[in-house]
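Working notes for the structure below.
As the structure lists them, so they are numbered: ligands from 1, and atoms in each ligand from 1. Here the structure is a predicted model, which means the values were calculated and not measured. What's counted below: heavy atoms across the whole structure, side chains too, no hydrogens, waters or symmetry copies.
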Amino acid sequence: MTSAAPRPPVISIVAPAFNEEDGLREFCTRMAQAVADEDYELIIVDDGSTDRTPEVLAEIVAADPRVRAARLSRNFGHQAALTAGLTLARGEAVISIDADLQDPPEVARELIARWRAGADVVHAVRHVRPGEPRMRLLAIRVFYRAFGRISGLENYPGNAGDFRLISRRALDAVVALPERNRFVRGLVSWVGYRQESVEYERDERFAGVSKYPLSKLAQLAADGVISFSTLPLRISSLVGIACSIAAFVAIPVVVGLRLAGLYEVTGVASIHILVLGLGGLQLTSLGIVGEYLARAYDESKARPTFIIESVTEARPDGA
Ligand code: UDP
Ligand code: MG
C-alpha cells in the first residue's frame, strides 16, 4: 500500500543550535505556542554540539511530530547551519530565528502577518539588545552602518541579524546562489522582491553563553564585506596613488629647499618612520588582496557549505 507524500507545511521555522542544551526545550515550547494557530514545521539544526543538545533534541522530536532535527557532521558555524536549515525547509514561508530565545518567538506572528499582506522578506530589526557589552554593541552598530553603505544593498535593513521571514520564491533564489561562503543576511537582501522590516526588542539569552566571541563576529564582518564589496581593494589602490603623488611632489620641494640652503640632511629617524610606514601600507594592501584571493580559492575548491549527518523526525503515524 502506498501513501501519498505528506503535504508540506505552510510555515517552516529554522533555528540553528550549537550547545544549547539548557534552553532548547524552552525555545521549542515557546515557539510552538507562538505559532500554534499555524500549519508549521520546526527544524532545529544541531551544528555539531558537544553537550547534551542531541539527546535533548531527540526527546523533543519524539514528543512532537512537527519538530525535525538535523545534525551536521561537525560544527560548521552559524551561517552554514542556517543555510542547512533553509535548504531543508518545505514551507511556503520560512522563518529563521536564533534558538537561544534572544529573538522572541512571538514576533513570528507579526512576520507571518506581513507575509500574508504581500511581503516576500520581512526582516526583524533589533530595537534594543540588553545584556551585551557596550563596546560590542558599538562595533556592531558601526559595522552595520558601514556595511549598508559599501555593499550597495538597497534592502539591507541595518541592525538585523538572522531573524526574518522569507517567502518560498525568495528562498529558492537565495538557496540557488552558488557561493559557499554564505553571509546569509546579505544574500537575502541581494535577491530583492518586496522586502519589509519590523522592529522588535531583543531579549537576553535564556540559558548558556554567546557562541559568538568577538573574533567570530569579526570574521563574520570580514566575510560580509569581502562577499559584497571591493571597496577595500579600491582603498588600497587609492592610498598607493596618494603616496606616489606625495613622493613626486616632495622631489622638487626638497631640491628647492636644498638649493635655498634651507634643508639640512638630518632626520635618520624620519626615514625610519617613512620606511616602516610605507612597508606597513604595502603589506596591508597585499593582505587585503590576499583576503580576496583566499575567498576566490575557497570558492574554487567548491567544498559543500555543510554536511548533514542525519535528519530525524517522528513519523506522523507514530511508527
Ligand atoms: N550557533 C550555531 N553555530 C555556531 C554558533 C552559534 O548554530 O557555531 C547558533 C546558536 O546556538 C544560536 C545562534 O546561532 O542559536 C546565534 O548564536 P549566539 O546566540 O551565540 O550569538 P549572539 O546572539 O550572541 O550574537
Ligand atoms: Mg544569541
Side-chain angles (χ1 to χ4, degrees), residues 13-31 34 42-57 60 67-89 94-105 107-108 123-144 147 158-164 181-185 200-224 305-309 311:
I13 295 149
V14 171
F18 176 53
N19 291 347
E20 303 284 2
E21 58 180 2
D22 293 325
L24 208 49
R25 226 180 278 275
E26 175 73 11
F27 168 74
C28 290
T29 309
R30 257 182 74 190
M31 196 69 240
L42 172 57
I43 301 170
I44 309 279
V45 183
D46 172 4
D47 187 15
S49 297
T50 51
D51 64 354
R52 290 194 65 254
T53 298
E55 286 85 352
V56 173
L57 207 44
I60 296 171
V67 182
R68 283 205 285 162
R71 179 163 171 88
L72 303 190
S73 60
R74 63 172 171 82
N75 179 248
F76 279 89
H78 176 216
Q79 299 294 299
L82 176 59
T83 305
L86 294 178
T87 58
L88 290 170
V94 179
I95 295 173
S96 54
I97 183 169
D98 286 356
D100 59 358
L101 284 171
Q102 279 197 284
D103 302 332
V107 176
H123 302 274
V125 178
R126 298 156 183 177
H127 187 51
V128 290
R129 303 169 59 122
E132 293 187 46
R134 271 239 186 110
M135 277 311 290
R136 186 183 161 103
L137 289 186
L138 184 71
I140 289 172
R141 183 165 308 163
V142 169
F143 171 72
Y144 283 140
F147 183 78
N159 199 9
D162 283 302
F163 186 16
R164 73 177 79 78
N181 202 324
R182 297 182 83 84
F183 186 64
V184 178
R185 60 198 77 168
Y200 75 106
E201 304 209 346
R202 208 156 200 240
D203 288 334
E204 292 197 30
R205 238 178 189 280
F206 178 75
V209 293
S210 171
K211 313 300 180 317
Y212 257 106
L214 219 51
S215 58
K216 261 198 199 175
L217 212 56
Q219 183 65 44
L220 182 69
D223 281 348
T305 308
F306 53 82
I307 295 174
I308 296 177
E309 183 180 314
V311 180

Check your understanding: At a non-hydrogen distance cut-off of under 4.0 Å, which region of E20 contacts ligand 1 (side chain, backbone, both, or neither)?
Key ->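 Within the 4.0 Å criterion, E20 contacts ligand 1 through side-chain atoms alone.
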Point to revise | Residue portion contacting ligand 1 (non-hydrogen atoms closer than 4.0 Å) for L217 | key: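 Contact part for L217 vs ligand 1: neither.
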Nearest 0.5 Å please: distance from the [atom1] atom of [X] over to the [atom2] atom of [Y].
X: D100; Y: N19; atom1: CG; atom2: CG; value: 12.5 Å
X: L101; Y: R205; atom1: CG; atom2: CZ; value: 9.5 Å
X: S215; Y: L220; atom1: OG; atom2: CG; value: 11.5 Å

Is there side-chain contact between [X] and [Y], with heavy atoms separated by less than 4.5 Å?
X: P54; Y: R71; answer: yes
X: R164; Y: S96; answer: yes
X: F306; Y: V45; answer: no
X: F18; Y: D46; answer: no

Only heavy atoms of [X], strictly under 4.0 Å: list the atoms of ligand 1 that pass.
X: S210; result: 20 (O), 21 (O), 22 (P), 24 (O)
X: A99; result: 15 (O)
X: R202; result: 23 (O)
X: N75; result: 3 (N), 4 (C), 8 (O)
X: D100; result: 19 (O), 23 (O)
X: A17; result: 7 (O), 11 (O)
X: K216; result: 4 (C), 5 (C), 8 (O)
X: G77; result: 3 (N), 8 (O)

Practice item. Could you tell me which non-hydrogen atom of H78 sits nearest to which non-hydrogen atom of D47, and how far apart they are? Key: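 Heavy atoms of H78 and D47 come nearest at N-OD2, 3.8 Å.
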Practice item. Give a yes-or-no answer on whether the side chains of Q79 and D223 include a donor-acceptor pair shorter than 3.5 Å. Key: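 The criterion, which ignores hydrogens and geometry beyond distance, is not satisfied for D223 and Q79.
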Point to revise | Pick from F76, Y212, F163, F18: the one approaching atom 2 (C) of ligand 1 most closely through a non-hydrogen atom | key: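 Closest candidate by heavy-atom distance is F18.
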Review point. Which residue, V56, I13, L42, forms the side chain to side chain contact (heavy atoms under 4.5 Å, CB included) with C28?
Key: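 Going through the options one by one, the only one that passes is L42.
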Point to revise | Residues K211 and D98 bridged, charged N to O under 4.0 Å | key: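 No, no charged N to carboxylate O under 4.0 Å.
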Check your understanding: Are any of the side-chain nitrogens in E20 or R25 under 4.0 Å away from the carboxylate oxygens of its partner?
Key ->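 No.
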Review point. Is the count of non-hydrogen atoms from other residues, nucleotides or ligands lying under 6.0 Å from R30 atom CZ greater than 12?
Key: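 For R30, atom CZ is crowded (more than 12 foreign heavy atoms under 6.0 Å).
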Check your understanding: Would you say V209 and ligand 1 have an N/O pair spaced under 3.5 Å apart?
Key ->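 In this structure, V209 places no N or O atom under 3.5 Å from an N or O of ligand 1.
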Check your understanding: Taking both backbone and side-chain atoms of A81, is any N or O found less than 3.5 Å from an N or O belonging to ligand 1?
Key ->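 Among all N and O atoms of A81, none is under 3.5 Å from an N or O of ligand 1.
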Point to revise | Residue-atom pairs from the protein, N, O or S only, that lie under 2.8 Å from the Mg ion (ligand 2) | key: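 Near the Mg ion (ligand 2), the protein supplies D100 OD2, Q102 OE1.
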**Study point:** Residue-ligand contact E204/ligand 1, heavy atom below 4.0 Å
**Key:**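 No, E204 has no heavy atoms under 4.0 Å from ligand 1.
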